[in-house]
Amino acid sequence: MTIVESHVDGHPILVSCPGESTGGSIPLDVAELLARARQRGVAVCLLPDSIAADHPLFALRSERIVRVDPAGARGRWLRARWWISAVLARAVICANASAAVFWREIYRELRRHIGDERLPYALRTRLRTIADRSMERSTHATGRVSPDIRARRLLREPLNLRMPASLERTARDEATRCGVSLDRPIVALEFRSRLESLGPAIDRLVRDGYAVVRIGPPGGGPLDLAGVVDLTTTEHADALDLNILMRAKCLVCESPTAQQIAYLTDTPCIRLNVVDPYEAYPLRADGLFTLATPVELNTGRELSVEEGLAPEHVRHLDRFAHRPNRSSDVLAAVEEMLEIVNGAHVDTVRQARYRARIVETAQTLPSNDHRRPDDGFIGDGRLARVQADHVS
Amino acid sequence: MTDSSVMGDWPACRPTTCHEIETVSRILFVMLHPGFVRYYDDALQALAAAGHQIHVAFEVSRTKLGEDVTAQRLASMSDRITCGPAPTRAESVRTFLARSDRTATRSGGAAHRWRDPEARAEAWESFGTTVRLALDYLRYFEPAFEHATALRARAEKRLPRVYPPMVRGVARMGSAARAALSRLLLQLESLAPPNAAIDAFIREQAPDLLLVTPLIELGSQQVDYIKSARRVGVRTALCVASWDNLTSKGLIRVVPDRVIVWNEQQKSEAVTLHGVAPEQVMVTGAQLFDKWFTATPSRTRESFCRRVGLDSDRPFVLYVGSSMFIAPDEVPFAERWLSSLRRAESSTSARLGVLFRPHPANADQWRALDLASEEGVALWPPIGTDPTAADFRSDFFDSLFYSAAIVGINTSAQIEAAIVGRPVLTIRASEFAHAQQGTLHFRHLVGAQDGCVIEAHTLDEHVGQLLAAVGDPAPSIERDRRFVASFIRPRGVDVPAVPVFVESISALARERPPAVRPESWWLRATRPPAIVLARLAHVLAEDRPLWILALRPVITAAVWIAWIPFRIAGAWHDHGYLRVKRLLRATQRAWYESTQVLRHRAHRARKPILSLVRSAARRLAGKNA
């Protein structure tokens, strides 16, 4: 994400355009920009991406962060400045990528001649040395084509955003229409596969007096259980989903997008069936996750929790099938989440050990891997106890 | 490339030993790989029994699903059937595609000399494959393939990257432009010179009839067999192996004398999509399914259910997995399907057992399926079961026979289920859109008039249909019957396809051989200058960026310029250096030896000189005294 610092009326301002066109995820881009602005005490200007211009995420406001509207001549100026910086940043990335390709192709071209036995041995040896050097340059250039490492440390603190009153009204009206009672404590649910694995956990939540509201895109069939309102089967405004997330005691989700939106809405979140632990590790102390069990496609062998951190797994996810969590594990994880929500949770030794281990192994990821930790920090969250107990 | 070492070990790869039996005709059947044997094993046996001598030649070896075992088994069926490798190609399609791997960093091997005949043969092979792949890609721009985005993408992926934008650009100009480009490509394809090895192979085999299958693989080189047969004067026929062959692969670029298809639908596809004349198409029925009509279960229902882990008192639904292209990620969908079935508020649904049967070539992903908490659900056969095992097919039949209904995405197993007479169902799902509305052969299954599959657009709708079909299978069975009559046995449900196939082949083999069709003079005249195109195609097949191809002469020149000092240094090291060294050593020795002699002489001369000096001194001293 390209963030440009500019000045409006003599005041510093951070300008960015979170969205697909910048190659990042919208919620995390927005969250990072706001967190940076709060840290530095400056204003922000969000230039909505054309694809997501109407998304209510862009309407969220904070009392501590001044938002500058990107309308009018000033908006055009800020947009132009951001655009030039983004183009320059992209040009640098392109140049590095081109250099990587150039040296790699030179390497391949030299390899052709290295295989030619008509050439003297000494020359072929020399060519091999030059080819190896070309490959090193290519690798080096590839390393410079790095996506921005996410400012994980900045995102660990809540953002305290609120919805504008007009949007809040729309959400309330939609809630009434869809039969969601906003006065009861809510647990938001975003889940598509193996809905029956949620059964015992939902029973528990309902028993504890929570209204479970399923949000997110449609798919996976309707969730027809007592105490559950399934919004995926009814047409409704996006503002309702966001409003429910802001009100929810916690979010039980499966997709990375839902987890990332929860950082914006400051909703404690548990993400289930995680395939890549580095990508999903919760940034906030109220975050929790469970891993899907990796199964080697060739042999059918199940990987342990620690083996799931190995490069053989995370770099070659396509060589593994991932078995979703069983309902007993989901129940245990959701119960642990309730402990976090109620402030009664203490990390176990094994959960801390897993965190230390993932930080350690994340350092070994390639330098251009966006999953690398931010200066040794990967997140304050934790692996669910039910799985962390298997960590040695 | 054919692995002749594997082929050569077959016990049945032997010369004909049945001189005592009169041979009706000799048939040469060229298959891409031994995996195609399963489509024709019964028919080949019947042909052998009818007195034909058959040699089956495989272009490439394959062992992924135990195809080599299947072929060995075929060869052991009859003395009149022999198997072996087809002639080795200078560059197979597989090698062509491997060369275009941009991520490969291996050494290129010794460069060919410009005039090397081997290099020329490779260049022509590259040229032929490129043109054929371009033709195959071009066909997916026809209106019939409007929704076939995945098939189009698959065809595009095979072509080196420089060509697709060009083909796309022309293809989008309209049907006239497409037709013109297609004609041009076909003309270019005919420029490829005859393959001498294939000519010699056909002459050596001296068949009365040449059969090929599948011929329509993307970029298939089997057209060379058709061309060679024409030159030699041998009748040819394409055996269309499966129901999707004419719509999901490449083009029949050189039309053989006959095209043998299953049914009228395929005949229509051959005529409209491949430009085959209707009188050249023979409809025989699906010979590979004959055994399904007469098959009986290999065990009782109780025994079967016990074996797979289901309750024999409860009906069960068989979920048949699809291939990798159709369903690369099928397990999450299967789990959703199971979950929908279990959620249905129906006593039938609660009682239904479920048996998952993975596709043999796409079984690994099913390892993710967790059935530990599921009751009345099983996966069978276990992942990793040898598909060539003797009871694999009978187990499959038992699974179909004892099931109450069959569910799948888009797979041949649904056809087999229709033959067995069970309700067959499918669900249109967004993740399989490329394989359902994106393929033409899927329409054969779900056609309103004569399709066998009941389709649903949502899981809930599907569950309703499934429960209804299990409750009253009669309407579904009637659908199956109509489908089988039209698609599998178009000459009548009671008329087996194998005898029809055998009779058609026998009639073809009996026909007078066609006149030898030598190459036209203009083709031979155009070929020498066209080698430039072939060389270019060979280079472009590497799929490298164009700038590196432009830079290649410079790098090559630099390498060969560097060769000069290295060569001089080498020559100096090998010859000049040694001579000078020897000379130096000789000079050194001469100097040493001469100084040694001088020293010795000086040493020997020192005594008399000294005594002379001493005596002179003494004499001088005596005079003075």
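Here is the naming used below: chain letters follow the sequence lines, and residue numbers restart at 1 for every chain.
For a residue to count as touching a neighbouring chain, one of its non-hydrogen atoms must lie under 4.5 Å from one of that chain's; by this rule A:L127 touches chain B with the side chain only. Contacts between B:E431 and chain A at a heavy-atom distance below 4.5 Å are absent for every atom of the residue. For B:L338, no part lies near chain A; criterion is any non-hydrogen pair under 4.5 Å. For B:W366, no part lies near chain A; criterion is any non-hydrogen pair under 4.5 Å. With a threshold of 4.5 angstrom between heavy atoms, B:W337 does not approach chain A through any atom at all. With a 4.5 Å cut-off on non-hydrogen atoms, B:R552 touches chain A through its backbone and its side chain both. Contacts of A:F102 with chain B are made by both backbone and side-chain atoms, with heavy-atom separations under 4.5 Å. Neither the backbone nor the side chain of B:S430 comes within less than 4.5 Å of any heavy atom in chain A. Of the two parts of A:E302, neither the backbone nor the side chain holds a non-hydrogen atom closer than 4.5 Å to a non-hydrogen atom of chain B. Residue A:S197: no heavy atom, backbone or side chain, is found under 4.5 Å from chain B.
Of the possible polar contacts, one joining the B:R314 side chain to the B:R351 backbone as a donor-acceptor pair under 3.5 Å is found. Counting only distance, with no hydrogens or angles, the side chain of A:N273 and the backbone of A:E254 share no donor-acceptor pair below 3.5 Å. Judged purely by atom type and a 3.5 angstrom limit, A:T139 uses its side chain to pair as donor or acceptor with the backbone of A:M135. At distances below 3.5 Å, at least one donor-acceptor pair connects side-chain atoms of A:Y278 with backbone N or O atoms of A:L309. At distances below 3.5 Å, at least one donor-acceptor pair connects side-chain atoms of A:D230 with backbone N or O atoms of A:L223.
Under the rule for a salt bridge (Lys or Arg N to Asp or Glu O under 4.0 Å), B:R342 has no partner lying at least two apart in sequence or in another chain.
Of the listed residues (B:L459, B:D460, B:I548, B:T458), the one with the most heavy-atom contacts under 4.5 Å to chain A is B:I548. Contact tally against chain B (heavy-atom pairs below 4.5 Å) for A:P294, A:S328, A:S327, A:P324: the top residue is A:P324.
Under the 4.5 Å side-chain criterion, counting only non-hydrogen atoms from C-beta, B:H538 is in contact with B:E91.
The only member of A:R112, A:R118, A:H113 that meets side chain to side chain donor-acceptor pair (under 3.5 Å) when paired with A:D116 is A:R118.
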